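Okay, structure first, notes after.
No experiment lies behind these values; they were computed from the predicted model shown. Residue numbers start from 1 in every chain, and the chains themselves are labelled A, B, ... in the order their sequence lines are given, proteins ahead of strands.
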Amino acid sequence: MQGFETLWMPGTDHAGIATQAVVERRVQEEENKNRHDLGREALIDRIWQWKDQYEQRIIGQLKQMGCSCDWERTRFTLDDVCAKAVRYTFFDLFRKNLIYRGKRLVNWDTSLQTAVSDDEVFNETVRGSFWHFKYPVIDPQPGEPEHVVIATTRPETMLADTAVAVHPDPESALEKYQQTLQQKLALAGESERPGIQQKLDELSEQRTSRLPLLIKLRDMARAGRKLMLPLMDREIPLIVDEWAKPELGSGCVKITPAHDANDYEVGKRAELPMINILNPDGTLNAEAGKYQDQTIEKARKQVVQDLEALELVESIEQRDIELPFSDRSKTPIEPLLADQWFVEMERLAQTAMDAVSSGRVEMIPQRYVKGYLDWLGEKRDWPVSRQLWWGHQIPVWSKPVDDESDLERLVSELKDDLKINDTSASIQVEHSEEADPARRAQLGLPLATIHVCIQRENDPLEKLVEDLGFVRVEDVLDTWFSSALWTHSTLGWPDLNPDLEYFYPTSVLITSRDIITLWVARMVIMGLNNMDDVPFHQVYIHPKILDKFGETMSKSKGNGIDPLDVIEKFGADALRFGMAHMTTETQDVRLPVQYECPHCEASIEQTRQNRKSTVRRIKCNQCQKEFSTQWAESPEDRALPRGLILSERFEVARNFSNKLWNASRFALMNLDDYAAGEIDPSELKIEDRWILSRLASVSRGVTDALDHFRYSDAARVLYDFAWDEFCSFYVEMLKDRFSDAAARPLAQRMLACTLDVLLRLLHPIMPFITEEIWQLFGQFASRRGYPAPADAEPVLISARWPALPSDLQEPEIENQFALFQQALGAVREIRSRQNIAPRTEIAFRIRAAESVKRSLEPLLTYFRSMARAECLQIDEDVAATGVSATVTRDEMEIIVDLSGHIDLDAEKARLQKEKQRLEKNIAGKRGKLSNENFVQNAPTDIVARERQALAKLEDQLQSINASLDSLG
RNA sequence: GGGCGAUUAGCUCAGUUGGCUAGAGCGCCACGCUUACAACGUGGAUGUCGGGGGUUCGAGUCCCUCAUCGCCCACCA
């Protein structure tokens, strides 16, 4: 289904684009042939619908943004490249004898008349009948049963039965099953126990009641006894096979090799005939005898009815049955035996395992390695043919031959006359599995089939072999076959060119975990096979976006968000930043989805009900007007305005974009008279050294995070820095300095170099807004930097990544600044607590040690602009006088004189609360420190830190108590 | 059935080698349109870190176990 999934989201990756191209070309071809069938029509309809709605929206938006779009060219170039690569690869594998033809059960969708792949199948539990039929034993001996009872949910498949199986050793199988159950019982939790116990009870009863019969049947099977298949009057053998589970049903199981995967395995082991009774459209074929041409449904009823007439129905029970359904047509799947092309994986899989085990390909997070190795370790051959009409058609021409002389003649003709010698075409001869000529004739099988694989498209050879009666194989290749070539086919392989030389192997593949096996493993295999080197060195598996119920977003559930809607509402940068912000290593992301009413902008939560594809319109619960959903089809529904599909989780990112834009606006407004110039480090103020220090740590942090795929860390670090440090402190402090003519030039240069680095760091996750700011910025201050200015690159997208010298990082300065931030916070808190009007100026004093005093003094001036407060005194022995409010912080006590406007009760309540908090913490610390084990065993620096913390807390408690006393 | 992951504030999520007095955004409460920003500013409230055991001086973090949820693979007379 990958082809179709990506089809709805063009541009998500190149494989998607390539697939889309192939689909459309095939649609065109089919239309030219003027073949009609229901499934194809429906699909084409959907494709055109999609093209109108989605592609046009994308192109329209790109055009609105002033982009020119050469979509057509991109598409066809990729298509051609991929088609060639696919043929070259298939040919290469064919020539190495790694491609072979065999039988496989496929999931057949009878309404679309195509096979569907496993990921297009969903299971649904339905209440259904479970029939127990009796098959007569031929010539029962005395003591032997007259019938064998089998059970089925699909009665019509009995027409294709070719055996009934019993277990070869029912006694020990039951014994073993009992042991397993007992083990499970011992380990089980409360809730599971009764169920297991019940099974055990049933089992012990079975062992007495049924075991003798099963042993008897086993012996009959060994003796080669046969049963009569009712209705068909065909003799079928009773066989022994471990697939028959003695503990289930009657212990006997009917074997239908052509219509059931497990039965198929049994059939292979026992060399049973395999009878396919189905036509592609779901009606029964000639093998079904008198039931021919009936639909499955009708045949099912008829079979039951006929068996009832023969008194061969033992019982019918109603049960919950899990049935596989086709996702596309919503009809039940019928397993069907079909000829398939396989890739032999033994050697190929090993190369891909080695690439990862040896570390040549690294997986991040590492936990995904296990699944990858386990899957490849099974080395199961890869069935690559699909019975669909879109995709890359298999480049093989085949012709069946009926006798040895024809075979020899044709092969030598191919080799001698057509010069097929494995250089650009190759021959395989597939001998029929049936050795007996009479039986072959009966079944209409050829002696052998000659397959010719041709490497190049439009090779004249294609025509020549067709003239010899060869017909091209109808099947197309699995989507993943071409996707596996993505890393090199998109670079022009098999043609050598500088791009391929330069870019292969690529550095990193970023993808979703559910296609590690389907896509990643196969890319490694094909890369190694075609290029003799791994396709990438790192594979980053990103988290998945889930909806608010924790379910994967998918079209079939209808619970996705629409990225274009998010862009329309919040902006492209908000989408990108938001995604980065959510991308953490372990956690999948839950994204609640809302519809936005196009009339009143009310937000309507998406529910399991209103997201369904049957819901075409929704009534807004605020304005009561209706709007259409993404599923709208009828003209009336589509005439309604469409509700955007959004998630409010992108608001954070939208607000951040806005903040950044406003801060930049401020910066540019104040750079109108900017003059580039050297910055003398000795002239820097504390806040300058602080912001440089922070900038250095932040750029290191961001670089490191991006290097290690920690996108959310990068986004968070930048968000916090830009908002809380750059905007809330540095920009605020610069305001004072801008109004001072003497200080202005230095302040401007510092602002310019800070903004410069910030924009560079933000660009990867907010490309559009930072680029816009960057280019405006260049008009005001094109030369900037610390300490010496340099010409800034004209375009941010190709600008240098910042690497600040680590000696700019000054922990002491950051500590010093933290003291200021604490003091400022304390003053603001008092203002707020006391409800002091914002315009009212207040005065305060600080009690603190000499070292703190020295740290704070250069910054005292900012209390005026940032808190409308003035520091009167800062000393070790400052004491509260008169009516005052105090706040204690780590290493200081801030005292605000409040005579005139104190709210005594508010202050007392606050102090009481603070006191409680401190007392609790102090008790905890005291307990810890009085524990001898802790003091003895913990590292000395930890103990010292705890002691210090306790002293600080006790000091704070003391001053709180003093304040409480003074307030009465 | 096998494997992987999750469970932290009302919601969505951070929490590096155990040192935590558990954080952020949204939402909530109070005050404020102060010349970058109301998509904003300042301050505030909010947690038995799913339950139970264990290891340790010390557990949100490590181990065991139970519960719930999700994903992948296999199976489904």
Take atom [atom1] in [N] and the same atom in [M], then report the distance between them in whole Å.
| N | M | atom1 | value |
| --- | --- | --- | --- |
| rU68(B) | rC75(B) | P | 26 Å |
| rG3(B) | rA77(B) | P | 24 Å |
| rU21(B) | rG25(B) | C1' | 23 Å |
| rA24(B) | rC31(B) | C1' | 23 Å |
| rG58(B) | rA67(B) | C1' | 28 Å |
| rA36(B) | rG41(B) | C1' | 12 Å |
| rC29(B) | rC66(B) | P | 44 Å |
| rC63(B) | rC73(B) | P | 27 Å |

Anything under 3.5 Å between a protein N or O and an N or O of nucleotides 19-24 of chain B, put it in a table, one pair a line.
| residue | atom | partner | partner atom | Å |
| --- | --- | --- | --- | --- |
| rG19(B) | O2' | R945(A) | NH1 | 3.1 |
| rC20(B) | OP2 | R945(A) | NH1 | 3.4 |
| rU21(B) | O2 | R917(A) | NH1 | 3.0 |
| rU21(B) | O2 | N921(A) | ND2 | 3.0 |

Could you list the residues that satisfy side-chain hydrogen bond (donor to acceptor under 3.5 Å, both in side chains) with S512(A), not counting sequence neighbours? D514(A)

Nearest-neighbour nucleotide for the [X] side chain, [options] considered:
| X | options | answer |
| --- | --- | --- |
| W243(A) | rA36(B), rA74(B), rA77(B) | rA77(B) |
| A663(A) | rC13(B), rA36(B), rA77(B) | rA36(B) |
| P592(A) | rG25(B), rA77(B), rU12(B) | rU12(B) |
| R367(A) | rC4(B), rG70(B), rG32(B) | rC4(B) |
| R513(A) | rG5(B), rA74(B), rC71(B) | rC71(B) |
| N662(A) | rA36(B), rC4(B), rC71(B) | rA36(B) |

Is a salt bridge present between [X] and [Y], judged by a nitrogen-to-oxygen distance below 4.0 Å?
| X | Y | result |
| --- | --- | --- |
| K134(A) | E314(A) | no |
| D736(A) | R864(A) | no |
| D704(A) | R700(A) | no |

Could you state the atom-to-atom distance from [atom1] of [X] to [atom2] of [N] in whole Å?
| X | N | atom1 | atom2 | value |
| --- | --- | --- | --- | --- |
| R380(A) | rC73(B) | CZ | P | 11 Å |
| D263(A) | rA77(B) | CG | C1' | 8 Å |
| R665(A) | rU35(B) | CZ | P | 12 Å |
| D547(A) | rC71(B) | CG | C1' | 13 Å |
| L591(A) | rG70(B) | CG | P | 18 Å |
| L734(A) | rA36(B) | CG | P | 13 Å |
| N835(A) | rC29(B) | CG | C1' | 13 Å |
| R710(A) | rA14(B) | CZ | C1' | 13 Å |

Quick check: F780(A) with Y674(A) (ring centres under 6.0 Å apart)? no

Nearest non-hydrogen partners of [X] and [Y], listed with the distance:
| X | Y | result |
| --- | --- | --- |
| P838(A) | R868(A) | O-CD, 3.2 Å |
| I316(A) | V313(A) | CG1-CG1, 4.1 Å |
| G251(A) | A244(A) | O-CB, 3.9 Å |
| I842(A) | V896(A) | CD1-CG1, 3.9 Å |

Reckon [X] touches a base, only the sugar-phosphate, or nothing at all at heavy-atom distances under 4.0 Å?
| X | value |
| --- | --- |
| A837(A) | nothing |
| R831(A) | nothing |
| V253(A) | base |
| K735(A) | base |

What does the list of N/O pairs under 3.5 Å between the protein and nucleotides 61-64 of chain B look like, with a distance for each?
none

Can a cation-pi geometry be assigned to K659(A) and F726(A), taking NZ or CZ under 6.0 Å from the six-membered ring centre and within 45° of the ring axis? no

Distance alone, cut at 3.5 Å: any donor-acceptor contact between the side chains of S657(A) and D573(A)? no

Under 4.0 Å: is that the gap between some side-chain N or O of [X] and OP1 or OP2 of [N]?
| X | N | result |
| --- | --- | --- |
| T153(A) | rA77(B) | no |
| R654(A) | rC37(B) | no |
| K370(A) | rG2(B) | no |

Would you say T511(A) and V520(A) make side-chain contact, with heavy atoms under 4.5 Å? yes

Quick one, T153(A) and W131(A) - any side-chain contact, counting heavy atoms below 4.5 Å? no

Pairs in or reaching into residues 716-726 of chain A: which pass salt bridge (charged side-chain N to carboxylate O under 4.0 Å, His left out), with residues at least two apart or in two chains? R694(A)-E725(A)

5' priority, RNA chain B, between P838(A) and H581(A) [closest heavy atom]: H581(A)

With RNA chain B as reference, determine whether S664(A) or H132(A) sits nearer its 5' end, using the nearest nucleotide of each. S664(A)

Please verify the inter-ring angle class for H581(A) with Y719(A); under 30° counts as parallel, over 60° as perpendicular, anything in between as tilted. tilted

Which label fits F729(A) and F820(A): parallel for a plane angle under 30°, tilted from 30 to 60°, or perpendicular past 60°? perpendicular

To the nearest 0.5 Å, what is the distance between OG1 (T157(A)) and NE2 (H259(A))? 8.0 Å

No-H, no-angle donor-acceptor pair, E732(A) side chain to rA36(B) base, under 3.5 Å: yes

Given protein heavy atoms under 4.0 Å, the one-letter contact record of nucleotides 40-45 of chain B, with B base, S sugar-phosphate only and - none, is simply SSSSSS

If pairs are Watson-Crick or G-U with both distances under 3.5 Å, what is the dot-bracket string of RNA chain B, marking crossing pairs with [ ] and pairs to another strand with |? (((((((..((((.....[...)))).(((((.......))))).....(((((..]....))))))))))))....

